[in-house]
Asks: 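Take a look at the following structure, please.
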Amino acid sequence: MLYHSTRGGGQAVDSARAVLEGLAPDGGLYMPENLPEFDWKACLKGSAQEMSTAILSALLPEIPDMRTLVSKAYTGKFETEELTPTVAVGDYSVLELFRGPTSAFKDVALSMLPQLLTTAKDVCGQKEDIMILTATSGDTGKAALVGFRDVPGVRICVFYPNGGVSQVQRAQMVTQEGENVAVCAVEGNFDDAQTGVKNIFADCRGKELPFALSSANSINIGRLAPQIMYYFKAYRDLLDAGKIQLGDTVNFSVPTGNFGDILAGYFAKKLGLPVGTLICASNANNVLTDFIRTGTYDKRRPLLKTTSPSMDILVSSNLERLLYLMSGDTALVAELMAKLNTEGCYTVPEALKNAIDAEFWAGCCDDAKAAETIGRVFNEKGYLCDPHTASGWVVAEDYVNQTGDKRPMVVLSTASPYKFPAAVLSAIGGDLNGDEFAQMERLEAMSGVKIPKNLANLQGMEERHTGVIAKDKMLEFVLQA
Ligand SMILES: *Cc1c(COP(=O)(O)O)cnc(C)c1O
């Protein structure tokens, strides 16, 4: 199947090469020329792994033996072989995406990406090692480190914003073991780290390097595609629970940063799944809310630090894929992205705005509202959620209140509450004495929800990666790694 850049430059490549390269040569993102015919009803009948196999085979047909790759990625790695269970909470269903090895939803994709990437490397006959470069707002980094640790022929380098992640998130990354891993803090925020990584790609193009660069961020189609599965899984869970009949539409509220998770939902819809409105939930960094409501994307504002750091993003990379999917116009996408780069903002044509309006709704939630929601959901429904999930919950409520749309609602839960113990503990009225590990234990005692093993085990582990660098020193760090 042919993939080409959202900006129209360069040549079309097959799916294996698209995964291997990550980013298209003109700076655009790879997209399939046409989405394949897909038997979505048959897909719903399988296990989580079978759903994954069907979806990934359809989108990445040049990557062979998908069933084996899926099994290697997931078997025995998650708390449950269901991978992503759905839990009824009040009027909504919560899709728990955090039951993987690092307790964030990134595990669904980053358990799979190493399998896809190493197979793509073989298919394309590439001999040299791959260097994975990743900027993280907190969760991608650890999930990628665990996924790529000691994978032969691959090295990985993770950059996180210094002071921009939770203590638990930092501990997860700086204690990472493995022969092929490097981790470093960057002085700046997530956008600085992400821009730094993009610049390294640009600076290294055409240069002789001892490795080929690739990315584990959701700019890589091999990162996005594995996420489509859980929309099918949620739909199937609602069917099994008797909450819907086959063909009924379901709304999804998605805590959003880089627009990857929610875009996977739109792919699911394009593959036939009866998805209703996709609700884009942001925190106080509400650039996407403004965009979806007005048609103007304007990043010229300060990046705020919030209690949901994985959504502290001003430049949502995957929005570019949506603009392409909805306009089909690579020249327009190239023009808008150039404007974003030079002027910091762009406005989409009326027709494109209307097309987005028909599929998406957007809202946002500040830290105070997220805390209030964590407390309320815990006290009234007995369910403990993290600040990202809380944003999804509140914006789902706002949507229902403002539109009266009563179709079944699935809220995507993207992280374990134990990744953000301070915010969650204070939201349910606990005292914040001690470090985040002491807070985790207090949270467990108050809530009765068990601390995931991978997080409990972090305490006392050796810190191996303690470096902090200026943002213009990132390339140097990579070359040494
Ligand atoms: C990454 C992340 C998000 C946002 O996902 P995107 O794909 O970037 O939109 C939301 N919540 C958590 C906990 C995350 O780690």
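In each ligand, atom 1 is the first atom listed, and ligand 1 is the first ligand listed.
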Asks: Is any side-chain N of the basic residue among D386 and K419 closer than 4.0 Å to the acidic one's carboxylate O?
Replies: no
Asks: Does ligand 1 have any N/O atom under 3.5 Å from a protein N/O, and what are those pairs and their distances?
Replies:
residue  : atom   : partner : partner atom : Å
ligand 1 : 7 (O)  : G260    : N            : 3.3
ligand 1 : 7 (O)  : D261    : N            : 2.9
ligand 1 : 8 (O)  : N258    : N            : 2.8
ligand 1 : 9 (O)  : G257    : N            : 2.8
ligand 1 : 9 (O)  : N258    : N            : 3.3
ligand 1 : 9 (O)  : F259    : N            : 3.2
ligand 1 : 11 (N) : T414    : OG1          : 2.8
ligand 1 : 15 (O) : K106    : NZ           : 2.6
ligand 1 : 15 (O) : D139    : OD2          : 2.5
ligand 1 : 15 (O) : S310    : OG           : 3.4

Asks: When you measure from the side chain of R99 to the backbone of L83, do you find a donor-acceptor pair of N or O atoms at a distance under 3.5 Å?
Replies: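 No; judged by distance alone, with no hydrogens or angles, the pair does not exist.
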Asks: Taking NZ, NE, NH1 and NH2 as the nitrogens, is one of them in E397 or K369 under 4.0 Å from a carboxylate oxygen of the other?
Replies: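 Between K369 and E397 there is no salt bridge, as every charged N stays at least 4.0 Å from the carboxylate O atoms.
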Asks: Which pairs of donor and acceptor atoms, one on a side chain in residues 321-328, lie under 3.5 Å apart (sequence neighbours left out)?
Replies:
residue : atom : partner : partner atom : Å
R321    : NE   : Y30     : O            : 3.1
R321    : NH1  : S218    : O            : 3.1
R321    : NH1  : I219    : O            : 3.4
R321    : NH1  : N318    : OD1          : 2.7
R321    : NH2  : Y30     : O            : 3.1
R321    : NH2  : I219    : O            : 2.8
Y324    : OH   : H4      : NE2          : 3.1
S327    : OG   : L323    : O            : 2.7
S327    : OG   : D329    : N            : 3.1

Asks: Looking at K471 and D192, is any side-chain nitrogen of the basic one under 4.0 Å from a carboxylate oxygen of the acidic one?
Replies: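 K471 and D192: salt-bridged.
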Asks: Can you check whether T6's main-chain N or O pairs, donor with acceptor, with T330's side chain at less than 3.5 Å?
Replies: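 Flag not set: sc T330 to bb T6 has no pair under 3.5 Å.
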